[in-house]
Amino acid sequence: MPELPEVETIRRTLVGHVAGRTIETLEVRWPGALLGWQDSEFTDIVQGQMIEGIGRRGKYLLIALKQGWTLIAHMRMTGKLLYYAQPEPAEKHTHVVFRFDQGELHFNDVRKFGRILAVPTDEQMLIPSLARLGPEPLEAGFTPTVLYQRLAGKKRPIKAALLDQDVVAGLGNIYTDEALFLARLNPSRAAQSLNEKEIQVLHGAIVTVLQAGIEAQGTSFRDYRDANGEKGAFQEALQVYGRANEPCQVCGRPLTKSRLSGRTTVFCPECQH
DNA sequence: CCTTATGCCTGAATGC
DNA sequence: TGCATTCAGGCATAAG
């Protein structure tokens with residue numbers, strides 16, 4: 001499921017193809033994928049506009065259009081943005097097709113959870129879910145001190161806090177479990193119970209797993225593909241996610257699967273305290 | 001402040 | 001084999 005490293009990889013694999021391209025036509029095959037406007041209005045907004053660049057905030061992809069509009073895309077679980085240099089028939093579950101003066105972009109989502117929103121660029125920050133987002137974990141503003149402050153006083157399990165996009169932007173179930181393993185922290189620990197040293201280690205672990213995820217071009221556990229339709233490789237490096245009952249890479253004892261804050265959670269009860 | 005439940009979805013995996 | 005159930009989960013929202 002696209003988390004920060006996957007969305008960043010989509011951004012990187014897409015920008016070279018579409019920056020400077022003009023959206024000539026929009027084909028809306030399932031209007032439910034579009035938020036904020038009727039599909040005819042959406043079409044009027046984007047047709048004829050040139051893509052200036054693509055940014056990212058947390059798990060949101062921000063596609064900046066020339067005439068002051070931005071497309072905000074969220075893949076949720078199974079959303080994909082697939083670029084084709086040549087015209088390509090829409091595959092099953094393709095909900096929106098952007099056709100450029102050269103090439104086309106397909107928004108495809110089996111589960112139909114993903115959404116694309118069009119908003120005037122200068123009103124982006126009025127979108128509550130974007131406005132509330134916590135710090136970007138790979139930018140300079142994300143320091144151990146900032147993380148400490150953001151977790152202070154929180155009684156919720158550290159895992160629940162890290163999954164909360166308002167605490168830190170971009171972590172999902174995969175990278176949260178991996179970061180907690182790397183930091184040797186039990187996912188059930190109350191967030192406020194972590195001391196400064198533990199927070200410092202956790203901060204380093206978050207940065208490390210996210211950077212490693214990006215370097216591996218994401219985790220293709222099931223559905224994830226980049227804009228070229230390519231899989232990532234980080235699934236091969238996962239230490240705990242998807243490895244319930246397998247031996248811990250550190251101590252050899254079986255990894256435990258439980259349910260925490262409604263999410264499947266895998267961790268090593270021996271190594272993670 | 002926190003939790004759990006629900007809805008949104010389809011396909012793969014599992015159960016009988 | 002086949003039919004039914006469970007599970008995967010990000011996020012908004014509601015309720016306790």
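Every chain is numbered from 1 and lettered A, B, ... according to where its sequence line falls, protein lines coming before strand lines.
Atom CG of D164(A) and atom P of dT3(B) are 10 Å apart (whole Å). Rounding to whole angstrom units, OH of residue Y224(A) and C1' of dG11(B) are separated by 21 Å. Nucleotide dG10(C) holds its P atom 15 Å from the CG atom of L133(A), rounded to whole Å. R115(A) places its CZ atom 12 Å from the P atom of dA12(C), with the value rounded to the nearest Å. We find that CG of L35(A) is positioned 14 Å from P of dC11(C), with the value rounded to whole Å. The distance from atom CZ of R132(A) to atom C1' of dG10(C) is 13 Å, rounded to the nearest whole Å. Regarding I158(A), its CD1 atom lies at a distance of 15 Å from the C1' atom of dC2(B), rounded to whole Å. Rounded to a whole Å, the CZ atom of F221(A) is 11 Å from the P atom of dA13(B).
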Report each atom pair, protein N/O against N/O of nucleotides 6-9 of chain C, whose distance is under 3.5 angstrom.
from	atom 1	to	atom 2	distance (Å)
dA8(C)	OP1	T264(A)	OG1	3.3
dA8(C)	OP2	R259(A)	NH1	3.2
dA8(C)	OP2	T264(A)	OG1	3.4
dA8(C)	N3	R111(A)	NH1	3.4
dA8(C)	N3	R111(A)	NH2	3.2
dG9(C)	OP1	N173(A)	ND2	3.2
dG9(C)	OP1	Y241(A)	OH	3.0
dG9(C)	OP2	T264(A)	OG1	2.8
dG9(C)	N1	R111(A)	NH2	2.6
dG9(C)	N2	R111(A)	NE	2.8
dG9(C)	N2	R111(A)	NH2	2.0
dG9(C)	N3	R111(A)	NH2	2.8

Side chain to side chain contact (heavy atoms under 4.5 Å, CB included) evaluation trace for I116(A) with F42(A)
CA-CA 10 Å; I116(A) 301 176; F42(A) 200 100; 3.9 Å; yes
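In this model, the phosphate group of dG10(C) is not approached by any side-chain N or O of Q165(A) to a distance below 4.0 Å at OP1 or OP2. Here K92(A) does not reach the OP1 or OP2 of dT10(B): none of its side-chain N or O atoms lies under 4.0 Å away. For K59(A) and dG10(C), the shortest distance from a side-chain N or O to OP1 or OP2 is not below 4.0 Å. The side chain of K155(A) contributes no N or O atom lying less than 4.0 Å from OP1 or OP2 of dT3(B).
Counting all heavy atoms, side chain and backbone alike, T264(A) lies closest to K159(A) at O-NZ, 3.2 Å.
Counting heavy-atom neighbours within 6.0 Å of Q38(A) CD, excluding the residue itself, gives a total of 12 or less. No more than 12 heavy atoms of other residues, nucleotides or ligands shown are found within 6.0 angstrom of CD on Q86(A).
Which of dC9(B), dG10(C), dA12(C) sits closest to the side chain of W30(A) comes down to dC9(B).
Counting any heavy atom pair closer than 4.0 Å across all strands shown, P128(A) reaches no nucleic acid atom. Here S129(A) lies in heavy-atom contact (under 4.0 Å) with sugar-phosphate atoms only.
Taking the nucleotide of DNA chain B with the nearest heavy atom to each of R156(A) and H93(A), the more 5' of the two is matched to R156(A).
Of the options K154(A), R150(A), R132(A), a salt bridge (charged side-chain N to carboxylate O under 4.0 Å, His left out) to D166(A) is made by R132(A) and by none of the others.
Residues V167(A) and L151(A) are in side-chain contact: their nearest non-hydrogen atoms beyond the backbone lie under 4.5 Å apart.
Two rings, from Y175(A) and F234(A), have their centers less than 6.0 Å apart.
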